[in-house]
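Take a look at the structure below.
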Amino acid sequence: MQKLVVIGAGMASGRLLEQLFEANPDAYEVTLFNAEPRGNYNRIMLSPVLSGEKSYAEIVTHDDDWYAGNKVTCRFGERVVSVDRERKVVVGEKGEVPYDKLVFGTGSSAFIIPCPGHDLPGVVAFRDLEDTTAMTEASGTPGGRAVVIGGGLLGLEAAAALRMRGMDVTVLHLSGHLMERQLDEAAGYLLQKDLEKRGITVLTKASTKMIQGDGKVESVLLEDGTVLPADIVVMAVGIRPQVQLAKESGLEMGRAIVVDAQMRTSDPSVFAVGECVEFEGNLFGLVAPLYDQAKVLAKTLLDEEDTFKVKQLSTKLKVTGCDLFSAGDFAEGEGREDIVFRDPARGVYKRLVLEGDKLVGAVFYGDTADSNWFFGLIRDGEDVSDMRDTLIFGPSFQGGATADPLSAVAALPPEAEICGCNGVCKGDIVAAIEGGATDLAAIKATTKASASCGTCTGLVEQVLSVTLGDEFVIPTVQPICGCCDLTHEDVRRLIKSKELKSQPAVWQELGWKTVNGCHVCRPAVNFYLLADWPLDYQDDPQSRFVNERNHANIQKDGTYSVMPRMWGGMTDANELRAIADAADKYGAAVKVTGGQRIDLLGVKKEDLPAIWSDLNDAGMVSGHAYSKGLRTVKTCVGSDWCRFGTQDSTGLGIKLEKRLWGSWTPHKVKLAVSGCPRNCAEATCKDVGIICVDSGYQIGVGGAAGMDVKEVERLVDVRTEEEAIDYTVAFIQLYREHAKYLDRPYKWLAKVGLDWVKEQVGDPATRAALIERFDISQSVYQKDPWADHVATRRRLYAPIADLTLEAAE
Amino acid sequence: MDTTLDTPAKTFIEVTEVWVPDGDRLKLAEGNYGGLEEFAAASRRESFAMGEGLPGKAWAEERPVVLKGFDGSYFKRTEAATAAGLTSAVAVPVFDGKTLKAVLVVLCGDDDERTGAIEVWHEQDGLLMLDDGYYGAAKHFEWVSQHTHFPRGQGLPGGVWSSETPILMRDLGSGYRFIRADSAAKAGLTTGLGLPIPVPGGKTFVLTLLSAKGTPIARRFEIWDARSARNGAANEARLIDGICAREGALWDPDNAGNERVVKAWQGAIGRVLGTGVPLVEGGKPGLANGYDSMVALPIHLDGELSHVVAWYL
Ligand SMILES: Cc1cc2nc3c(=O)[nH]c(=O)nc-3n(C[C@H](O)[C@H](O)[C@H](O)COP(=O)(O)OP(=O)(O)OC[C@H]3O[C@@H](n4cnc5c(N)ncnc54)[C@H](O)[C@@H]3O)c2cc1C
Ligand code: HEM
Ligand code: SF4
């Protein structure tokens, strides 16, 4: 009999031995080394062992009887220290063994981030039974806290398991969403929500700086300064092939042991199988391909023909109650198309990625029925053009199921607020309907829902429809765009009542039919999110129009205009000198604008940071001439200089502009303050126009002087400057919170009615709350984009030809 | 895993019965009474209106009910039960939305040896608290449980609550939340089955069955996933987890979706899929792996039969 020595009793070599003994039990006399003090077990099931949903005994694949029955000499708990290929012997910690054939099955080891503190006791990986036991023991401390670094498969399985064991668990993930290699953003969002439902804290974009502790782990410090107390830190950031031994024995290496399609290494007597191999540049990390390798190697060792091929892989997360599946490639790309199906009520998201006539990728969350069928289509590269339209419904599609446009509303819990004005919840409306109020008028009369500003009318109708079924016919409405079935107003309300704080949350919970929205809905949703959740939501520049993205208006000839702010239209000699210098230096034309500003025209793209920087140095900030936000506050010279002036109109204008600048609004907002009814600042055609009079201030709103010309309507007359500012701020915040994106205030007023607006800003408590929310938002958004960009992104504006600079850095 | 089967002299649950609504009363559909013939006969004569007796109470109150000590209680079969040595009972209503499909009742006898636990947990202020439970001789464990609560995701009850899935835990002594683990180990509890009990109105209830080696609740447990989210349009279920004293592990070792599948009306589990009503069988041949009796309990969630849990003795 030939002598076969196997290094590593892992899942791959275990399967190899099974195949070998089955085909020919007498071909080899086997010696099996394993560094772990035990034989082969089902490593992938360590996760449920950690959670308590499996016992170790259950996951043992080969027990003592099996090894004895196959006459395997077991050297468990003994590491192989070297291989002498010349003498054909393997040197273990306790002595040598000669071989005719040698198999490396050494697998991988966990990658440990080499940050300070990584070697403190209490930092564990998740690879073997020892790690599992260490975690189980750590979970025995009452109130124990675990920090899991890495939000991939392993990390999340560890996190869920430790939570089951009673720990407080935080997952740190570097990327913007969980399992980014297997899932797209929407599925990552659902997964995060699911884990949070289990009481697990998930921090994305979280970068670990160091692990702290005196003699043992005590806390984890993040780059952003956050400190997370921890009794145990689990590193699950990736694996590395365990190939030091193979390397030292002089085999040909890439990133792992290089093998051919018969699993032969560069030495004809030496073979390798499992995660320690590299085949045609590929590394492996899931068991399915390892089993294929094991089958091939068994044949090779028996001098039979077989060839290993790399196949597509699919992924499932082993967290009870989380149904997710992903396979293939789902990156966006040229010539690729998506089919998306969402069912917010069931928390389902399905996405198929097609390239030409083939399915190349699939991501499913919440509904993984038929995933094996889809996987087959991907693996076999089948032509799916015939079933394209119904593909997403799976193999047994009968022509019935389609996405229900009402499912977002159906999914709302009874306590979700539908009418923000009158605080009416879905449950109240359903109760009213069940009590006999079967149309909109009756609902208005009984619950007051939709009886004030009316923006929730669409939602109330949908609740009627969901509750009454086909007895209620919803009037057709204009959805935002083809991506969804909801109007702007519905989306706004639902963002508030469902507390949706990210774009993926909106896409999923409101049943978007595209992966990421389109150029119509994205800017709108981006605005709604940042207006409603200034502290939670991060503005997405990619969802902005080009001028806003560039913080400048692109001109006819491709150059940019640069317009500094002049508070209330006031400037001084220094500013003018700086502007004149800038105009000279960058060759800009100079124009005095209708909004009492000076515009520098014809600035080249690459000069932008420099000119901004120069103007910044002179104390000026961006005038936001390009934004859907506060533009200008025009003023007249007012009581300081003018014989007719009744109040300090210039001073008020400056105060207003300093308070309001930087805020994003549904559309541009222009203000003006005139010192007396002669109205030199033309305040009566502005979004907010204030006329000073002897008795105080007349505040008008909803004027326009563009395609439509409209005179303002009187919002209120107030006595003091302070009140004038308060009412203005409250009005603008109300507009920010309620208007449809791209509705100027006059259009919005026409929909909700001036009376309702008067009622809102007229009520002291409501007014104060509006002002408070505006100020919170300003704490985030009132910053100069020029200074920000000069400081952080300067090199990005260099002309393309200057790439040499990049290389030198 | 002990593969030899020493059928235990005493089992934790002595009687299991299924009551189904028939008009405005609950009638006995089937039951496994062991050798307790007289109690069986008394039960066959019985029926319950809503609110009447233990099954009627579970129906009326729309919740699982634990009853310890029948004397002077609303229990209707006290005399026969006392004669049969039965002292406690748990009634579990099976609702499909607002419709009652059945009430499962288990009855236990009390002595110093029988150890195990049948617990009902309910949500209160964001935590799962023990509603009530029957523990047999596991008195210390009972006390510990009364003083434990589970946040979302923690322990067997918290895990069931947050995942809305039945869960089968092993080695209860080696974890399962520090305080209960220690005591569970001392009480000899090994395997725990937790399941959500959906009721109309959205209150949260979790039922747990904790089995000890000497006086087991069951020697084989199975969890079947019947959701369309896993099985598509087919009315079938797959065995996602299970453990058996004779067969060992009952799950897919490759995590590749190759679980055992049964279709509606195929065998006992198939019958539960077909009817949506719990099933109790005793003393019949043809049960899985030669067990004498089995109980299969369906769970209806979100408008469909989502899971079937089964236990065999
Ligand atoms: C918690 C967990 C969950 C997982 N879940 C999944 C899953 O759901 N699906 C999936 O497909 N994959 C999963 N995986 C990955 C899967 O377990 C691995 O792909 C697989 O185990 C690799 O098999 P292997 O035989 O190559 O290596 P291993 O199974 O790692 O075996 C290698 C063995 O070699 C031993 N060894 C190393 N060097 C020496 C030496 N010098 N001398 C002696 N012995 C040595 C090691 O001790 C080890 O026992 C999971 C992994 C973990 C850790
Ligand atoms: C040649 C390449 C580029 C040019 C010419 C360019 C030009 C500009 C200009 C002119 C602005 C306006 C700044 C202002 O008015 O304040 C801007 C803003 C911005 N740039 Fe670039 N840019 C380039 C590359 C990039 C790249 C590669 C990124 C991202 C990695 C980027 C991210 C941004 C962002 C996010 C903003 C706006 C930020 C905000 O709205 O706050 N740019 N860019
Ligand atoms: S609006 Fe009245 S105060 Fe202002 S400049 Fe004109 S006349 Fe003077």
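Throughout, a chain's letter reflects where its sequence line sits, starting with A, and its residues are numbered from 1.
Salt bridge absent: B/Glu123 and B/Lys203 never bring a charged side-chain N and a carboxylate O closer than 4.0 Å.
Between chain B and the options A/Gly52, A/Ala160, A/Gly199, the largest number of non-hydrogen pairs under 4.5 Å is found for A/Gly52. Interface remark: of the candidates A/Val169, A/Leu195, A/Val287, A/Asp323, A/Asp323 forms the most heavy-atom pairs closer than 4.5 Å to chain B. Taking chain B as the reference chain and counting heavy-atom pairs below 4.5 Å, the highest number among A/Lys54, A/Lys197, A/Glu137 is found for A/Lys54. Across A/Met45, A/Arg346, A/Met11, the residue that shares the most heavy-atom pairs under 4.5 angstrom with chain B is A/Met45.
No side-chain N or O of B/Gln124 forms a donor-acceptor pair with one of B/His149 less than 3.5 Å apart. No side-chain donor-acceptor contact under 3.5 Å links A/Thr315 and A/Gln182. For the 3.5 Å distance criterion, the side chains of A/Ser55 and A/Glu58 qualify, holding a donor opposite an acceptor. Side-chain atoms of A/Glu53 and A/Thr320 include a donor-acceptor pair closer than 3.5 Å. Side chain to side chain, A/Tyr365 and A/Asp194 meet the donor-acceptor criterion of an N or O pair below 3.5 Å.
Neither the backbone nor the side chain of B/Trp161 comes within less than 4.5 Å of any heavy atom in chain A. Using a 4.5 Å cut-off between heavy atoms, B/Ser163 contacts chain A through both its backbone and its side chain. Contacts of A/Arg43 with chain B are absent, with no heavy-atom separation under 4.5 Å from either backbone or side chain. Neither the backbone nor the side chain of A/Ser371 comes within contact range of chain B; no heavy atom of the residue lies under 4.5 Å from a heavy atom of that chain. Residue B/Ser228 touches chain A through both its backbone and its side chain, counting heavy-atom pairs closer than 4.5 Å. Contacts between A/Phe364 and chain B at a heavy-atom distance below 4.5 Å are absent for every atom of the residue. In this structure, chain A has no heavy atom under 4.5 Å from any part of B/Asp302.
Between B/Tyr312 and B/Tyr291, the angle of the ring planes lies from 30° to 60°, which puts this pair in the tilted group. Using the six-membered ring where Trp is involved, B/Trp121 and B/Phe150 have ring planes that are perpendicular, over 60° apart on the 30 and 60° scheme.
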